[in-house]
Enquirer: 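Structure incoming, see below.
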Amino acid sequence: MRFYPYDFQYKVKEGKVYVYLYSKDEEGKKICVVQEHPPFFYAAVKGIKAEELAKQLSGLSVEDKQSSQPAKVLRWEEAEKELIGKNEAFWKIYVNYPKAVPLIAKELQERGLVTYEKDILFIHRYLRDIGIVPMTLCEAEGELITSSRFNIKIPVFMAQEIKQVSDKTTNWDILALDIETYAKNKEINPQINPILMIAFYGIKEGKKFKKVLTWKEFKNGVDYLEVVKDEKELLERTKEVIAEFSPDILTGYFSDGFDLPYIKTRAEKLGVRLTLGLDNSELETRNKVSFRDGEAKITGIMHLDVLKFIKNIFWGNLKTDTYTLDAVAGELLGYKKHDVDLNKLAEYWDNGDDELETFVEYNLQDSRLTYQLFVKLMPSIYEFTTLVGLPAYDVIRMRFSRLVESYILRRAMEFNVIAPNKPGGTEMEQRMQESVQGAFVFEPEPGLYQDVVIFDFRSLYPTIITAHNLGPEALQCKCCQGKTNVPGKEEYWFCEKKKFLPGVLEDLIIRRTDLKKEIKNLKGAGKDTKFEEARSYTLKILANSFYGYLGFFGARWYCLECAASTTAYARDYIKKTIAKAEERGFKVIYADTDSCFLLLGDKKLEEALHFMDEVNIKLPGQMELEYEGYFKRGIFVALKGSEKGAKKKYALIDKEGKMKITGFEVVRRNWSSLAKEVQEKVLRLVLEGQEDKVLDYVRKIVKELQAGKVEMKKLVIRTQITRELSQYKSIGPHVLVARRMVERGDVVVPGLVVEYVITKGKGLVRERAKLVEEAKEYDANYYINNQILPAVSSIMAVLGYSEEELASDEKQTGLGSFFG
DNA sequence: TACGGGCGGGG
DNA sequence: GTGTACGCCCGTA
């Protein structure tokens with residue numbers, strides 16, 4: 001029997017532990033493969049008499065209040081395993097059910113034994129034990145069960161043996177869901193307010209599926225709308241729609257924290273049992289620490305919340321820093337949510353207004369966006385799942401530390417390595433106090449530069465860790481003492497024999513290097529490389545996470561010495577690169593962590609590339625200095641009120657006129673769009689060699705401001721209300737504006753973004769802050785001195801206009817009178 | 001500059 | 001569910 005398992009659970013039946021693998025078979029039908037698997041953990045037995053230990057273990061049982069039976073030791077066997085580089089003796093201790101593991105382990109711990117691997121999820125342990133990878137092709141030997149012994153909606157196959165066949169996968173049926181709720185005055189409360197609509201969007205067997213359910217009649221021309229009697233029926237239909245579509249993957253946007261918990265709460269209130277699970281279990285929601293950590297699980301269906309994956313894993317690929325569906329869809333898909341006024345929904349609902357049709361379309365659009373986002377992210381989700389080898393449900397809900405650790409745990413099985421224990425409370429507190437010295441950043445000299453060439457080390461930290469074997473097993477070994485010490489950290493040295501952790505990392509790097517070649521070939525042959533590219537990205541960020549993992553306080557393989565040595569080597573390499581460049585006659589103007597900026601001067605690009613080759617010949621392992629690019633011009637500015645060059649703040653322009661801007665505040669939200677526009681334009685003029693035009697340009701803007709010709713909307717400043725208005729101790733402009741909004745009857749709740757303009761008149765700035773529609777005349781001087789000047793002064797200082805010149809002249813008018 | 005509190009996503 | 005674990009930004013002291 002061949003199948004693709006995708007969701008997993010275990011059950012204890014008649015004293016035996018069974019794993020249920022919800023799977024698709026090769027025809028695309030669902031099947032549940034069941035296999036027995038024993039729970040176990042390890043105990044270190046070095047220096048303990050075997051008979052003594054056997055006496056302790058035999059017949060050991062611990063009372064379990066949660067269970068009808070006590071936790072029991074069933075049997076044990078000897079096992080030699082490697083712990084932090086040393087082979088040691090352990091006993092593998094089998095118990096009667098998964099939850100017995102921590103109970104028995106705790107008991108033994110209290111009796112003075114040291115126990116290991118007692119806090120690994122049983123399903124995770126199982127997948128690693130038998131060496132299968134979710135969502136890929138497996139094979140089982142066994143038989144179909146015909147009896148109804150199992151209360152399962154799909155056929156059950158009892159397996160004696162299961163093994164991995166290949167990394168082939170299959171098609172997955174995906175259904176996206178989105179709800180709209182009654183929310184008068186933005187009140188989002190499932191205890192009070194009903195669900196008004198539910199939208200579904202999916203594709204099954206090549207056919208588009210779209211549906212919106214609602215329980216109000218109104219005139220409409222929407223063919224995918226289904227009107228039911230009431231909210232209760234809406235929930236019943238929801239259950240049916242999902243069951244009929246029978247998705248492998250159910251997706252939503254914040255559905256872990258909003259849609260599914262909301263549905264669950266309403267269902268409970270209305271007495272609807274949401275038995276969506278393939279084992280007839282109900283939709284399960286739980287809140288962890290807070291609402292934001294909630295999860296929603298359905299047995300036999302992968303519920304994958306797009307937002308979870310983005311916030312945990314994919315954020316590094318996005319420019320946006322707000323993860324609203326609108327922003328994320330806009331960036332990844334290029335189109336957005338429908339523009340409706342959500343505050344009107346409740347009102348229309350109460351009146352049964354025909355306008356409700358626009359909300360039906362809005363609702364469907366959200367589910368469509370969610371579906372399309374999911375499809376777009378699917379290659380990445382799939383690659384993380386198969387690389388880490390755990391269920392997709394778990395993987396998308398992990399942060400990098402746990403992804404890395406899960407990956408290492410799987411590899412540990414292959415190398416007979418036992419996992420070190422997680423730190424306890426005090427150990428962790430101590431670790432949280434510790435930190436390591438970071439990267440080297442070269443202090444640039446403020447100025448304008450020409451012919452800038454940038455080199456950078458490809459995956460610097462991972463390649464340092466593998467090239468120098470920076471793993472906990474290799475730290476300060478006896479055999480290599482006195483050979484090579486870490487530069488600048490002479491108290492550390494690392495064994496020259498390749499060890500487990502750096503080896504695991506090296507595999508990731510090599511796999512990626514090979515994959516990149518393959519991608520090149522595939523592309524050359526005109527093939528689609530979506531999944532290969534997702535895999536390459538996955539390998540890269542997992543490798544990049546190892547450094548952080550080594551210094552992460554909760555890590556099993558924590559090694560602060562390794563993390564400190566990684567940055568120490570990095571500082572050494574970049575400084576040596578700088579020295580070498582200078583030796584070859586290049587002026588180095590900047591460097592940060594793994595990059596080095598130099599000036600060509602009177603040399604050719606070929607000579608710079610030759611310098612790079614010279615560096616590369618001497619680099620160990622996978623380390624490599626790469627050519628990042630050539631830039632016509634670049635500008636580095638000074639720190640405010642200082643001669644010193646600002647780090648991580650510069651702008652460059654390439655031959656095609658494309659600007660690379662780093663660190664300039666153009667993106668900050670509480671700046672007017674005018675300030676952003678002026679800053680960007682000034683940078684462009686400077687970098688395009690038209691610095692003589694800068695003064696005229698800024699003058700022009702200043703004049704326009706003074707003449708009152710600038711559009712109001714370019715002067716709008718946005719600030720968020722973050723608490724109840726009465727709670728503010730310091731009254732900023734936005735608070736006063738919000739108070740007036742309340743007076744005129746607007747709903748002001750925390751989260752509202754107030755948009756205001758500073759106007760002419762007497763008094764404090766905050767007293768002159770007005771809503772756009774209230775504002776008659778903006779305060780030109782405010783915008784000149786508080787928006788334009790700060791945005792351009794550091795850039796103009798490089799051109800020789802001093803801060804005093806710009807600002808001092810006359811205090812009241814400042815820049816205005818200077819430029820005037 | 002150090003610390004504590006609140007936010008995020010969703011309607 | 002054999003699982004403890006949020007991290008960043010803002011405002012205030």
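A, B, ... follow the sequence lines: proteins, then strands. Residue 1 opens every chain. A quick note: this is a predicted structure, and the numbers were derived from the prediction, not measured.
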Enquirer: Look at all strands and tell whether A:D341 reaches a base, only sugar-phosphate, or nothing, counting heavy atoms closer than 4.0 Å.
Expert: nothing
Enquirer: What pairs meet the salt bridge (charged side-chain N to carboxylate O under 4.0 Å, His left out) rule with one or both residues in residues 323-332 of chain A, with sequence neighbours excluded?
Expert: A:D326-A:K336
Enquirer: Which residues satisfy the salt bridge (Lys or Arg N to Asp or Glu O under 4.0 Å) test with A:R410, sequence neighbours excluded?
Expert: none
Enquirer: Between B:dG11 and C:dC8, how far is it from one P atom to the other, in whole Å?
Expert: 26 Å
Enquirer: Side chain of A:L121 only, please: which of B:dG11, C:dG1, C:dA5 is the nearest?
Expert: C:dG1
Enquirer: Could you tell me the separation between the NZ atom of A:K311 and the P atom of B:dG10, rounded to a whole number of Å?
Expert: 10 Å
Enquirer: What residues form a salt bridge (Lys or Arg N to Asp or Glu O under 4.0 Å) with A:K376, not counting sequence neighbours?
Expert: none
Enquirer: Suppose you measure atom C1' in C:dT4 against the same atom in C:dC9; what distance do you get, rounded to whole Å?
Expert: 25 Å
Enquirer: Quick one: which of B:dG9, C:dG1, B:dG11 gets closest to the side chain of A:F254?
Expert: B:dG9
Enquirer: Holding to side-chain contact (heavy atoms from CB on, under 4.5 Å), I want the full list of residues that pass it with A:I130, two or more places apart in sequence or in another chain.
Expert: A:Q35, A:H37, A:Y126, A:I132, A:I162
Enquirer: At 4.0 Å (heavy atoms only), tell me whether A:Y97 reaches a base, stays on the sugar-phosphate, or touches nothing.
Expert: nothing
Enquirer: Name the closest nucleotide to the A:K99 side chain, picking from C:dA5, B:dG11, C:dG1.
Expert: C:dG1
Enquirer: Are the aromatic rings of A:Y42 and A:F40 close, with centres under 6.0 Å apart?
Expert: yes
Enquirer: Please give the distance between the C1' atoms of B:dG9 and C:dC6 as a whole number of Å.
Expert: 14 Å
Enquirer: Nearest to the A:Y253 side chain among B:dG9, B:dG11, C:dA5, which nucleotide is it?
Expert: B:dG9
Enquirer: Which part of the nucleic acid does A:L103 contact within heavy-atom distance under 4.0 Å: base, sugar-phosphate only, or nothing?
Expert: nothing
Enquirer: Just confirming the chi classification of B:dG9, syn or anti, using 90° around 0 as the syn window.
Expert: syn
Enquirer: Applying a 4.0 Å non-hydrogen cut-off, can you work out what A:Y182 is touching in the nucleic acid: base, sugar-phosphate, or nothing?
Expert: nothing
Enquirer: Within this structure, what is the NZ-to-C1' distance between A:K106 and C:dT4, rounded to whole angstrom?
Expert: 15 Å
Enquirer: Using only modelled atom types and a 3.5 angstrom limit, is any donor from either the side chain of A:N343 or the base of B:dG11 paired with an acceptor on the other?
Expert: yes
Enquirer: May I ask you to say what A:F552 touches in the nucleic acid, namely base, sugar-phosphate or nothing, with a heavy-atom cut-off under 4.0 Å?
Expert: nothing
Enquirer: Please state how far atom CH2 in A:W315 lies from atom C1' in C:dC6, giving the value in whole angstrom units.
Expert: 13 Å
Enquirer: Listed by chain and number, what are the salt bridge (Lys or Arg N to Asp or Glu O under 4.0 Å) partners of A:R556, not counting sequence neighbours?
Expert: A:D119, A:E405
Enquirer: Taking the minimum atom-to-atom distance to the side chain of A:I188, which one of B:dG9, C:dC6, B:dG11 wins?
Expert: B:dG11
Enquirer: Determine which bases of DNA chain B form Watson-Crick or G-U wobble pairs with both distances under 3.5 Å, and write the result as a 5' to 3' dot-bracket string with | for other-strand partners.
Expert: ||||||||...
Enquirer: A:T322 side chain: which of B:dG9, C:dG1, B:dG11 is closest?
Expert: B:dG9
Enquirer: Is it true that atom CE of A:M428 has more than 12 heavy atoms of other residues, nucleotides or ligands lying nearer than 6.0 Å?
Expert: yes
Enquirer: From C-beta outward on A:R286, which listed nucleotide comes closest to its side chain: B:dG10, C:dA5, C:dG1?
Expert: C:dG1
Enquirer: From the options B:dG11, B:dG9, C:dA5, select the nucleotide whose nearest atom is closest to the side chain of A:D178.
Expert: B:dG11
Enquirer: Quick one: A:N185 CG to B:dG10 P, roughly how many Å, whole number?
Expert: 20 Å
Enquirer: May I ask you to check whether A:Y116 and A:F90 place their ring centres under 6.0 Å from each other?
Expert: yes
Enquirer: Looking at A:W76, is A:K92 sitting on its ring face, NZ or CZ under 6.0 Å from the six-membered ring centre and within 45 degrees of the normal?
Expert: no
Enquirer: Please report, rounded to the nearest Å, how far the P atom of B:dG10 is from the CG atom of A:D326.
Expert: 9 Å
Enquirer: Nearest-Å distance, CG (A:D259) to P (B:dG10)?
Expert: 10 Å
Enquirer: Could you please name the option among C:dC6, B:dG9, B:dG11 that lies closest to any side-chain atom of A:R399?
Expert: C:dC6
Enquirer: What contact category does A:L325 fall into here, base, sugar-phosphate, or nothing, at under 4.0 angstrom with non-hydrogen atoms?
Expert: sugar-phosphate
Enquirer: In whole angstroms, how far is the P atom of B:dG9 from the CD1 atom of A:I179?
Expert: 18 Å
Enquirer: In whole Å, what is the span from the CZ atom of A:F553 to the P atom of C:dC6?
Expert: 9 Å
Enquirer: With a 4.0 Å cut-off on heavy atoms, is A:K337 in touch with a base, just the backbone sugar-phosphate, or nothing at all?
Expert: sugar-phosphate
